[in-house]
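As the structure lists them, so they are numbered: ligands from 1, and atoms in each ligand from 1. Numbers here simply count residues along the sequence, with the first being 1.
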Amino acid sequence: MNASTDTVVAGHGPYFSFGRPLRFAGEGFTASDKEPFAYRWYDRDRLVLGRRMEDQLRFAACYWHSFVGNGTDAFGDPTFARPWHGSGDPMRQAQHKADVAFEMFHVLGVPFFTFHDRDIAPEGRTLAESNDNVRRIADVFERKMAQTGVRLLWGTANLFSHPRYMAGAATNPDPDVFAYAAAQVRNALEVTQRLGGANYVLWGGREGYETLLNTDLKRELAQMGRFLAMVVEHKHKIGFTGQILIEPKPAEPTKHQYDFDVATVYALLRSHGLEREVKVNIEQNHALLAGHTFEHEIALAQALGIFGSMDMNRGDEMLGWDTDQFPNNVQHVALALYQVLRGGGIGVGGLNFDAKLRRQSIAPDDLVWAHATAMDICARALLVAEKMVVDGALQRHVEARYAGWEAERGRAILDGRLSLVELARDVEQRGLEPQPRSGGQERLEHLVASYL
Ligand code: XUL
Ligand code: CO
(Lines give C-alpha, C1' and ligand atoms only; values in the text may rest on other atoms or scores of the structure.)
(Ligands and ions follow the chains in the order given, each with its own letter.)
Protein backbone atom coordinates (compact mmCIF):
# COMPACT_ATOMS: atom_id res chain seq x y z
CA MET A 1 0.00 0.00 0.00
CA ASN A 2 1.06 3.59 -0.36
CA ALA A 3 -0.01 4.89 3.03
CA SER A 4 3.60 5.81 3.73
CA THR A 5 3.20 8.62 1.21
CA ASP A 6 1.43 11.71 2.40
CA THR A 7 -1.67 11.24 0.27
CA VAL A 8 -4.36 13.52 1.60
CA VAL A 9 -7.56 11.60 2.28
CA ALA A 10 -10.26 14.11 1.40
CA GLY A 11 -12.92 14.55 4.05
CA HIS A 12 -13.88 16.26 7.29
CA GLY A 13 -10.76 15.49 9.34
CA PRO A 14 -8.23 15.53 10.70
CA TYR A 15 -9.64 13.58 13.62
CA PHE A 16 -6.32 12.39 14.98
CA SER A 17 -3.37 14.44 16.17
CA PHE A 18 -0.81 12.22 14.41
CA GLY A 19 0.02 14.58 11.58
CA ARG A 20 1.41 11.97 9.22
CA PRO A 21 1.46 8.20 8.78
CA LEU A 22 3.34 6.34 11.48
CA ARG A 23 6.77 5.22 10.37
CA PHE A 24 9.04 2.33 11.28
CA ALA A 25 11.93 3.59 13.42
CA GLY A 26 13.36 0.41 14.91
CA GLU A 27 14.04 -0.68 18.48
CA GLY A 28 16.10 2.42 19.27
CA PHE A 29 13.14 4.77 18.86
CA THR A 30 12.56 7.32 21.60
CA ALA A 31 9.30 9.18 21.79
CA SER A 32 9.16 12.96 21.71
CA ASP A 33 6.40 15.56 21.73
CA LYS A 34 6.78 15.89 17.97
CA GLU A 35 6.73 12.15 17.38
CA PRO A 36 5.05 10.28 20.25
CA PHE A 37 5.02 6.92 18.45
CA ALA A 38 6.87 5.06 15.72
CA TYR A 39 6.86 1.33 15.05
CA ARG A 40 9.71 -0.50 16.72
CA TRP A 41 9.08 -3.87 15.06
CA TYR A 42 6.43 -3.40 12.37
CA ASP A 43 8.74 -3.02 9.38
CA ARG A 44 6.37 -3.91 6.57
CA ASP A 45 9.02 -4.68 3.94
CA ARG A 46 11.24 -6.81 6.18
CA LEU A 47 11.36 -10.39 4.93
CA VAL A 48 10.10 -12.97 7.39
CA LEU A 49 10.49 -16.54 6.17
CA GLY A 50 10.60 -15.28 2.59
CA ARG A 51 7.55 -13.02 2.70
CA ARG A 52 7.18 -9.33 3.51
CA MET A 53 6.08 -8.78 7.09
CA GLU A 54 2.99 -6.94 5.84
CA ASP A 55 2.01 -10.00 3.78
CA GLN A 56 2.68 -12.44 6.64
CA LEU A 57 0.42 -10.47 8.97
CA ARG A 58 -2.18 -8.87 6.69
CA PHE A 59 -3.49 -6.63 9.48
CA ALA A 60 -7.03 -5.32 9.32
CA ALA A 61 -8.83 -2.68 11.38
CA CYS A 62 -12.49 -3.34 11.99
CA TYR A 63 -15.22 -0.79 11.49
CA TRP A 64 -17.62 -1.82 14.25
CA HIS A 65 -15.59 -1.39 17.42
CA SER A 66 -13.55 1.54 16.11
CA PHE A 67 -16.10 3.79 14.44
CA VAL A 68 -19.47 2.54 15.68
CA GLY A 69 -18.64 1.62 19.29
CA ASN A 70 -19.53 4.35 21.77
CA GLY A 71 -18.18 3.01 25.05
CA THR A 72 -21.44 1.68 26.49
CA ASP A 73 -21.47 -1.34 28.76
CA ALA A 74 -24.33 -3.24 30.38
CA PHE A 75 -24.51 -0.63 33.15
CA GLY A 76 -23.41 2.58 31.51
CA ASP A 77 -24.22 5.18 28.92
CA PRO A 78 -21.86 6.01 26.04
CA THR A 79 -18.56 7.55 27.07
CA PHE A 80 -17.09 8.21 23.60
CA ALA A 81 -18.48 11.50 22.31
CA ARG A 82 -17.19 11.10 18.77
CA PRO A 83 -17.44 13.96 16.29
CA TRP A 84 -18.50 11.41 13.67
CA HIS A 85 -21.44 10.13 15.74
CA GLY A 86 -24.47 12.31 16.21
CA SER A 87 -28.04 12.81 15.23
CA GLY A 88 -27.79 14.41 11.79
CA ASP A 89 -28.83 12.91 8.47
CA PRO A 90 -27.81 9.23 8.80
CA MET A 91 -26.26 9.00 5.33
CA ARG A 92 -24.19 12.12 5.99
CA GLN A 93 -23.07 10.54 9.26
CA ALA A 94 -22.12 7.41 7.36
CA GLN A 95 -20.00 9.46 4.97
CA HIS A 96 -18.44 11.17 7.98
CA LYS A 97 -17.60 7.76 9.46
CA ALA A 98 -15.97 6.70 6.20
CA ASP A 99 -13.79 9.82 6.33
CA VAL A 100 -12.56 9.10 9.83
CA ALA A 101 -12.07 5.41 9.06
CA PHE A 102 -9.84 6.04 6.08
CA GLU A 103 -7.92 8.72 7.96
CA MET A 104 -7.15 6.16 10.67
CA PHE A 105 -6.19 3.44 8.17
CA HIS A 106 -3.89 5.96 6.49
CA VAL A 107 -2.21 7.08 9.74
CA LEU A 108 -1.67 3.46 10.84
CA GLY A 109 -0.56 2.16 7.46
CA VAL A 110 -2.91 -0.77 8.02
CA PRO A 111 -3.35 -2.63 4.72
CA PHE A 112 -6.92 -3.96 5.23
CA PHE A 113 -10.25 -3.22 6.90
CA THR A 114 -13.40 -5.21 7.72
CA PHE A 115 -17.05 -4.24 8.20
CA HIS A 116 -20.64 -5.35 8.78
CA ASP A 117 -23.26 -3.88 6.44
CA ARG A 118 -24.93 -2.08 9.36
CA ASP A 119 -21.65 -0.52 10.54
CA ILE A 120 -21.16 1.43 7.37
CA ALA A 121 -24.66 2.55 6.45
CA PRO A 122 -27.96 3.12 8.27
CA GLU A 123 -30.89 0.75 8.16
CA GLY A 124 -33.62 2.11 5.85
CA ARG A 125 -37.41 1.78 6.00
CA THR A 126 -37.28 -1.38 3.87
CA LEU A 127 -34.57 -3.92 3.17
CA ALA A 128 -34.27 -2.58 -0.38
CA GLU A 129 -33.53 0.86 1.05
CA SER A 130 -31.03 -0.56 3.59
CA ASN A 131 -29.23 -2.49 0.87
CA ASP A 132 -29.13 0.60 -1.31
CA ASN A 133 -27.59 2.60 1.55
CA VAL A 134 -24.87 -0.04 1.87
CA ARG A 135 -24.16 0.10 -1.86
CA ARG A 136 -23.95 3.89 -1.79
CA ILE A 137 -21.34 3.84 0.97
CA ALA A 138 -19.52 1.11 -0.97
CA ASP A 139 -19.21 3.70 -3.79
CA VAL A 140 -17.51 6.01 -1.29
CA PHE A 141 -15.24 3.14 -0.19
CA GLU A 142 -14.28 2.39 -3.78
CA ARG A 143 -12.97 5.91 -4.23
CA LYS A 144 -11.16 5.97 -0.88
CA MET A 145 -9.64 2.53 -1.42
CA ALA A 146 -8.29 3.63 -4.80
CA GLN A 147 -6.88 6.80 -3.20
CA THR A 148 -5.17 5.11 -0.23
CA GLY A 149 -4.40 1.58 -1.40
CA VAL A 150 -6.27 0.14 1.62
CA ARG A 151 -7.98 -3.18 0.77
CA LEU A 152 -10.91 -5.14 2.13
CA LEU A 153 -10.05 -8.27 4.13
CA TRP A 154 -13.69 -9.22 4.57
CA GLY A 155 -17.23 -8.03 4.71
CA THR A 156 -20.12 -9.50 6.67
CA ALA A 157 -23.80 -8.90 7.42
CA ASN A 158 -25.10 -7.98 10.84
CA LEU A 159 -27.77 -10.64 11.47
CA PHE A 160 -27.96 -10.16 15.23
CA SER A 161 -28.59 -6.56 16.36
CA HIS A 162 -32.09 -5.86 15.04
CA PRO A 163 -35.01 -7.30 17.09
CA ARG A 164 -36.18 -9.28 14.04
CA TYR A 165 -33.18 -11.53 14.66
CA MET A 166 -33.78 -12.09 18.38
CA ALA A 167 -34.49 -15.81 17.78
CA GLY A 168 -31.72 -16.20 15.22
CA ALA A 169 -31.33 -15.55 11.50
CA ALA A 170 -30.89 -18.82 9.55
CA THR A 171 -32.00 -20.81 12.61
CA ASN A 172 -35.11 -18.74 13.29
CA PRO A 173 -38.40 -20.62 13.77
CA ASP A 174 -39.90 -18.24 11.19
CA PRO A 175 -38.88 -18.79 7.54
CA ASP A 176 -39.59 -15.10 6.83
CA VAL A 177 -36.64 -14.20 9.04
CA PHE A 178 -34.48 -16.75 7.18
CA ALA A 179 -35.51 -15.11 3.90
CA TYR A 180 -34.78 -11.61 5.20
CA ALA A 181 -31.32 -12.72 6.37
CA ALA A 182 -30.68 -14.34 2.97
CA ALA A 183 -31.55 -11.07 1.22
CA GLN A 184 -29.21 -9.16 3.51
CA VAL A 185 -26.33 -11.61 2.99
CA ARG A 186 -26.80 -11.58 -0.77
CA ASN A 187 -26.24 -7.82 -0.80
CA ALA A 188 -23.32 -7.91 1.67
CA LEU A 189 -21.60 -10.68 -0.32
CA GLU A 190 -22.04 -8.83 -3.61
CA VAL A 191 -20.73 -5.59 -2.09
CA THR A 192 -17.76 -7.50 -0.66
CA GLN A 193 -17.07 -8.89 -4.11
CA ARG A 194 -17.31 -5.46 -5.73
CA LEU A 195 -14.77 -4.08 -3.23
CA GLY A 196 -12.35 -6.94 -3.96
CA GLY A 197 -12.80 -8.56 -0.52
CA ALA A 198 -10.47 -11.48 0.09
CA ASN A 199 -13.03 -13.26 2.31
CA TYR A 200 -16.65 -13.15 3.39
CA VAL A 201 -17.42 -13.94 7.07
CA LEU A 202 -20.51 -15.40 8.72
CA TRP A 203 -20.57 -15.06 12.46
CA GLY A 204 -23.71 -16.73 13.73
CA GLY A 205 -24.49 -14.08 16.34
CA ARG A 206 -27.80 -15.54 17.44
CA GLU A 207 -27.61 -18.91 15.69
CA GLY A 208 -28.21 -20.86 18.88
CA TYR A 209 -30.80 -21.12 21.58
CA GLU A 210 -31.67 -20.11 25.12
CA THR A 211 -33.70 -23.17 26.11
CA LEU A 212 -34.48 -26.53 24.54
CA LEU A 213 -38.01 -26.17 25.93
CA ASN A 214 -38.90 -24.01 22.93
CA THR A 215 -36.31 -25.22 20.42
CA ASP A 216 -36.21 -27.86 17.68
CA LEU A 217 -32.45 -28.31 17.60
CA LYS A 218 -32.34 -30.80 14.72
CA ARG A 219 -34.47 -28.56 12.51
CA GLU A 220 -32.38 -25.47 13.31
CA LEU A 221 -29.16 -27.29 12.38
CA ALA A 222 -30.70 -28.27 9.04
CA GLN A 223 -31.73 -24.64 8.44
CA MET A 224 -28.21 -23.45 9.22
CA GLY A 225 -26.73 -25.97 6.79
CA ARG A 226 -29.11 -24.92 4.03
CA PHE A 227 -28.36 -21.25 4.60
CA LEU A 228 -24.64 -21.89 4.31
CA ALA A 229 -25.13 -23.96 1.17
CA MET A 230 -27.15 -21.10 -0.38
CA VAL A 231 -24.31 -18.66 0.35
CA VAL A 232 -21.79 -21.04 -1.25
CA GLU A 233 -24.06 -21.56 -4.30
CA HIS A 234 -24.36 -17.80 -4.72
CA LYS A 235 -20.62 -17.30 -4.32
CA HIS A 236 -20.03 -19.62 -7.27
CA LYS A 237 -22.85 -18.12 -9.30
CA ILE A 238 -21.42 -14.60 -9.10
CA GLY A 239 -17.80 -15.78 -9.34
CA PHE A 240 -16.67 -14.47 -5.95
CA THR A 241 -13.15 -15.85 -5.54
CA GLY A 242 -12.68 -15.10 -1.84
CA GLN A 243 -13.03 -17.58 1.01
CA ILE A 244 -16.32 -18.07 2.85
CA LEU A 245 -15.58 -18.21 6.59
CA ILE A 246 -17.55 -19.11 9.69
CA GLU A 247 -16.41 -17.54 12.94
CA PRO A 248 -16.87 -20.00 15.83
CA LYS A 249 -18.03 -18.79 19.23
CA PRO A 250 -19.50 -20.96 22.02
CA ALA A 251 -21.96 -18.55 23.63
CA GLU A 252 -22.84 -14.87 23.92
CA PRO A 253 -25.26 -13.56 22.93
CA THR A 254 -27.16 -16.88 23.06
CA LYS A 255 -26.60 -19.44 25.79
CA HIS A 256 -25.59 -22.17 23.36
CA GLN A 257 -24.35 -21.46 19.83
CA TYR A 258 -24.24 -23.99 16.98
CA ASP A 259 -20.83 -22.74 15.82
CA PHE A 260 -19.37 -23.47 19.29
CA ASP A 261 -15.73 -24.05 18.27
CA VAL A 262 -13.64 -25.31 15.33
CA ALA A 263 -14.52 -28.96 15.95
CA THR A 264 -18.26 -28.22 16.08
CA VAL A 265 -18.11 -26.11 12.93
CA TYR A 266 -16.24 -28.90 11.15
CA ALA A 267 -18.97 -31.37 12.10
CA LEU A 268 -21.60 -28.98 10.75
CA LEU A 269 -19.67 -28.50 7.49
CA ARG A 270 -19.11 -32.25 7.07
CA SER A 271 -22.73 -33.04 7.67
CA HIS A 272 -23.67 -30.70 4.81
CA GLY A 273 -20.80 -31.61 2.47
CA LEU A 274 -19.33 -28.10 2.80
CA GLU A 275 -15.94 -28.86 4.34
CA ARG A 276 -14.11 -27.93 1.15
CA GLU A 277 -16.15 -24.77 0.61
CA VAL A 278 -16.14 -23.05 3.98
CA LYS A 279 -13.27 -22.34 6.37
CA VAL A 280 -13.04 -20.68 9.78
CA ASN A 281 -12.15 -17.26 11.09
CA ILE A 282 -10.72 -17.98 14.54
CA GLU A 283 -10.89 -15.38 17.31
CA GLN A 284 -8.66 -15.52 20.38
CA ASN A 285 -11.37 -14.51 22.82
CA HIS A 286 -13.88 -16.97 21.34
CA ALA A 287 -11.35 -19.80 21.67
CA LEU A 288 -10.83 -18.92 25.30
CA LEU A 289 -14.58 -18.88 25.99
CA ALA A 290 -14.83 -22.36 24.45
CA GLY A 291 -12.17 -23.57 26.89
CA HIS A 292 -9.39 -23.70 24.30
CA THR A 293 -6.20 -21.82 23.65
CA PHE A 294 -5.99 -19.71 20.49
CA GLU A 295 -3.22 -21.96 19.17
CA HIS A 296 -5.31 -25.07 19.77
CA GLU A 297 -8.07 -23.74 17.53
CA ILE A 298 -5.56 -22.70 14.86
CA ALA A 299 -3.76 -26.06 14.89
CA LEU A 300 -7.03 -28.00 14.79
CA ALA A 301 -8.37 -25.94 11.87
CA GLN A 302 -5.11 -26.50 10.00
CA ALA A 303 -5.24 -30.24 10.70
CA LEU A 304 -8.80 -30.36 9.34
CA GLY A 305 -7.94 -28.22 6.31
CA ILE A 306 -10.29 -25.36 7.24
CA PHE A 307 -7.98 -22.64 8.59
CA GLY A 308 -9.02 -19.35 6.99
CA SER A 309 -8.30 -16.19 8.99
CA MET A 310 -8.00 -14.75 12.50
CA ASP A 311 -9.73 -12.17 14.67
CA MET A 312 -6.84 -10.89 16.71
CA ASN A 313 -7.84 -9.82 20.18
CA ARG A 314 -7.53 -11.03 23.74
CA GLY A 315 -9.90 -12.21 26.42
CA ASP A 316 -9.40 -12.02 30.14
CA GLU A 317 -8.88 -15.23 32.09
CA MET A 318 -10.74 -13.69 35.03
CA LEU A 319 -13.82 -12.67 33.05
CA GLY A 320 -16.12 -15.17 31.39
CA TRP A 321 -17.24 -12.93 28.55
CA ASP A 322 -16.02 -11.50 25.29
CA THR A 323 -13.87 -8.57 26.38
CA ASP A 324 -12.38 -8.01 22.89
CA GLN A 325 -9.22 -6.32 24.14
CA PHE A 326 -6.29 -5.44 21.94
CA PRO A 327 -3.50 -8.06 22.12
CA ASN A 328 -0.64 -7.09 24.42
CA ASN A 329 1.11 -10.33 25.29
CA VAL A 330 4.03 -11.12 22.99
CA GLN A 331 4.38 -14.72 24.14
CA HIS A 332 0.69 -15.54 23.65
CA VAL A 333 0.64 -14.01 20.18
CA ALA A 334 3.93 -15.69 19.26
CA LEU A 335 2.57 -19.13 20.19
CA ALA A 336 -0.42 -18.51 17.91
CA LEU A 337 1.69 -17.17 15.05
CA TYR A 338 4.09 -20.10 15.40
CA GLN A 339 1.19 -22.42 14.55
CA VAL A 340 0.18 -20.16 11.68
CA LEU A 341 3.70 -20.18 10.23
CA ARG A 342 4.15 -23.92 10.78
CA GLY A 343 0.91 -24.52 8.90
CA GLY A 344 2.06 -22.52 5.86
CA GLY A 345 1.01 -18.97 6.78
CA ILE A 346 -2.10 -16.85 6.81
CA GLY A 347 -2.90 -17.29 3.10
CA VAL A 348 -5.60 -14.86 1.96
CA GLY A 349 -6.79 -14.48 5.56
CA GLY A 350 -5.40 -11.86 7.89
CA LEU A 351 -5.13 -10.60 11.44
CA ASN A 352 -8.27 -8.57 12.01
CA PHE A 353 -8.30 -6.47 15.18
CA ASP A 354 -11.78 -7.34 16.39
CA ALA A 355 -10.87 -5.35 19.48
CA LYS A 356 -12.23 -2.35 21.27
CA LEU A 357 -11.03 0.43 23.48
CA ARG A 358 -11.77 0.27 27.17
CA ARG A 359 -14.61 2.50 28.27
CA GLN A 360 -12.28 5.12 29.74
CA SER A 361 -10.08 5.42 26.62
CA ILE A 362 -12.21 8.24 25.29
CA ALA A 363 -9.78 10.20 23.14
CA PRO A 364 -9.97 9.56 19.37
CA ASP A 365 -6.16 9.24 19.47
CA ASP A 366 -6.62 6.18 21.71
CA LEU A 367 -7.87 4.38 18.58
CA VAL A 368 -4.56 4.99 16.88
CA TRP A 369 -2.56 4.10 19.96
CA ALA A 370 -4.48 0.84 20.44
CA HIS A 371 -4.07 -0.36 16.87
CA ALA A 372 -0.50 0.84 16.41
CA THR A 373 0.77 -0.72 19.63
CA ALA A 374 -1.10 -3.96 18.87
CA MET A 375 0.38 -4.06 15.36
CA ASP A 376 3.84 -3.54 16.83
CA ILE A 377 3.33 -6.27 19.43
CA CYS A 378 2.10 -8.70 16.75
CA ALA A 379 5.10 -7.80 14.58
CA ARG A 380 7.42 -8.52 17.48
CA ALA A 381 5.59 -11.79 18.11
CA LEU A 382 5.98 -12.70 14.43
CA LEU A 383 9.75 -12.25 14.77
CA VAL A 384 9.70 -14.52 17.83
CA ALA A 385 7.66 -17.11 15.92
CA GLU A 386 10.14 -16.84 13.05
CA LYS A 387 12.99 -17.65 15.47
CA MET A 388 11.02 -20.64 16.74
CA VAL A 389 10.64 -21.94 13.20
CA VAL A 390 14.18 -21.17 12.04
CA ASP A 391 15.86 -22.61 15.13
CA GLY A 392 13.74 -25.73 14.76
CA ALA A 393 14.43 -27.11 18.26
CA LEU A 394 10.72 -27.31 19.13
CA GLN A 395 9.92 -29.12 15.92
CA ARG A 396 12.85 -31.51 16.38
CA HIS A 397 11.53 -32.37 19.82
CA VAL A 398 8.09 -33.13 18.39
CA GLU A 399 9.55 -35.23 15.59
CA ALA A 400 11.69 -37.22 18.01
CA ARG A 401 8.62 -37.83 20.15
CA TYR A 402 6.73 -39.42 17.25
CA ALA A 403 9.73 -41.13 15.60
CA GLY A 404 8.20 -44.55 16.22
CA TRP A 405 5.39 -43.72 13.83
CA GLU A 406 7.91 -43.16 11.05
CA ALA A 407 9.48 -46.58 11.61
CA GLU A 408 8.21 -49.72 9.86
CA ARG A 409 5.73 -50.90 12.48
CA GLY A 410 4.20 -47.45 13.00
CA ARG A 411 3.65 -47.08 9.27
CA ALA A 412 2.21 -50.57 8.97
CA ILE A 413 -0.36 -49.74 11.66
CA LEU A 414 -1.43 -46.50 10.02
CA ASP A 415 -1.44 -47.92 6.48
CA GLY A 416 -3.88 -50.59 7.62
CA ARG A 417 -1.43 -53.46 7.09
CA LEU A 418 -1.87 -54.77 10.63
CA SER A 419 -5.11 -55.89 12.23
CA LEU A 420 -6.12 -55.74 15.87
CA VAL A 421 -5.42 -59.50 16.21
CA GLU A 422 -1.99 -59.27 14.57
CA LEU A 423 -0.99 -56.44 16.88
CA ALA A 424 -2.30 -58.31 19.91
CA ARG A 425 -0.39 -61.44 18.93
CA ASP A 426 2.81 -59.47 18.43
CA VAL A 427 2.57 -57.79 21.83
CA GLU A 428 1.95 -61.10 23.57
CA GLN A 429 4.69 -63.00 21.73
CA ARG A 430 7.32 -60.32 22.34
CA GLY A 431 6.21 -59.67 25.92
CA LEU A 432 6.20 -55.99 24.91
CA GLU A 433 6.10 -53.40 27.69
CA PRO A 434 6.10 -49.78 26.41
CA GLN A 435 8.76 -47.58 28.01
CA PRO A 436 7.41 -44.23 29.30
CA ARG A 437 9.39 -41.22 28.11
CA SER A 438 9.35 -37.64 29.34
CA GLY A 439 7.28 -35.07 27.45
CA GLY A 440 9.79 -32.42 28.53
CA GLN A 441 7.20 -29.68 28.86
CA GLU A 442 9.08 -27.41 31.29
CA ARG A 443 12.24 -27.57 29.16
CA LEU A 444 10.22 -26.54 26.10
CA GLU A 445 8.50 -23.72 27.93
CA HIS A 446 11.91 -22.36 28.89
CA LEU A 447 13.01 -22.70 25.27
CA VAL A 448 10.06 -20.53 24.22
CA ALA A 449 11.13 -17.89 26.76
CA SER A 450 14.60 -17.91 25.22
CA TYR A 451 13.18 -16.73 21.89
CA LEU A 452 11.36 -13.74 23.36
C1 XUL B 1 -18.58 -11.13 17.92
C2 XUL B 1 -17.61 -11.07 16.82
C3 XUL B 1 -18.09 -10.41 15.58
C4 XUL B 1 -17.56 -11.02 14.32
C5 XUL B 1 -18.14 -10.43 13.08
O6 XUL B 1 -18.09 -11.72 19.07
O7 XUL B 1 -16.49 -11.50 16.96
O8 XUL B 1 -17.76 -9.06 15.66
O9 XUL B 1 -16.18 -10.92 14.24
O10 XUL B 1 -19.53 -10.48 13.05
CO1 CO C 1 -14.82 -11.56 15.75
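Only side-chain heavy atoms of E283 come within less than 4.0 Å of ligand 1; its backbone N, CA, C and O stay farther off.
Under 2.8 Å from the Co ion (ligand 2) lies an N/O/S atom of E283, whether from backbone or side chain.
Ligand-side atoms of ligand 1 in range of D311: 9 (O), range being under 4.0 angstrom from any heavy atom. Of all atoms in ligand 1, listed by their number and element, those nearer than 4.0 Å to a heavy atom of D322 are 6 (O).
D354 contributes atom OD2 as its closest N/O/S atom to the Co ion (ligand 2). The closest approach of D311 to the Co ion (ligand 2), by N/O/S atoms, is made by OD2. Its N, O or S atom nearest to the Co ion (ligand 2) is what matters here, and for E247 that atom is OE2.
A donor atom on one side chain and an acceptor atom on the other are not found under 3.5 Å apart for D311 and W203. The closest side-chain donor-acceptor pair between T211 and N214, if any, does not fall under 3.5 angstrom.
The nearest heavy-atom contact from the protein to atom 10 (O) of ligand 1 is H116 NE2, 2.7 Å. For atom 3 (C) of ligand 1, the closest heavy atom belonging to the protein is D354 OD2, 3.6 Å.
Residue contacts with ligand 1: H286 is included, with a non-hydrogen atom under 4.0 Å away.
For the salt bridge (Lys or Arg N to Asp or Glu O under 4.0 Å) criterion with R359, the lone passing option out of D77, D73, D366 is D73.
Of the N or O atoms in E247, one or more lie within a sub-3.5 Å distance of an N or O in ligand 1. Between W154 and ligand 1, a contact under 3.5 Å exists for no N or O pair.
Side-chain N or O atoms of S130 include one that pairs as donor or acceptor with a backbone N or O of G124 at under 3.5 Å. N285 contributes a side-chain N or O that, together with a main-chain N or O of T323, makes up a donor-acceptor pair within less than 3.5 Å.
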For the pair N281 and W154, evaluate side-chain contact (heavy atoms from CB on, under 4.5 Å) and give the outcome as yes or no after the intermediate values. CA-CA 10 Å; N281 179 43; W154 48 263; 3.7 Å; yes

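The aromatic ring centres of F141 and F102 sit less than 6.0 Å apart.
The pair D322-K249 meets the salt-bridge criterion, with a side-chain N (NZ, NE, NH1 or NH2) lying under 4.0 Å from an Asp/Glu carboxylate O.
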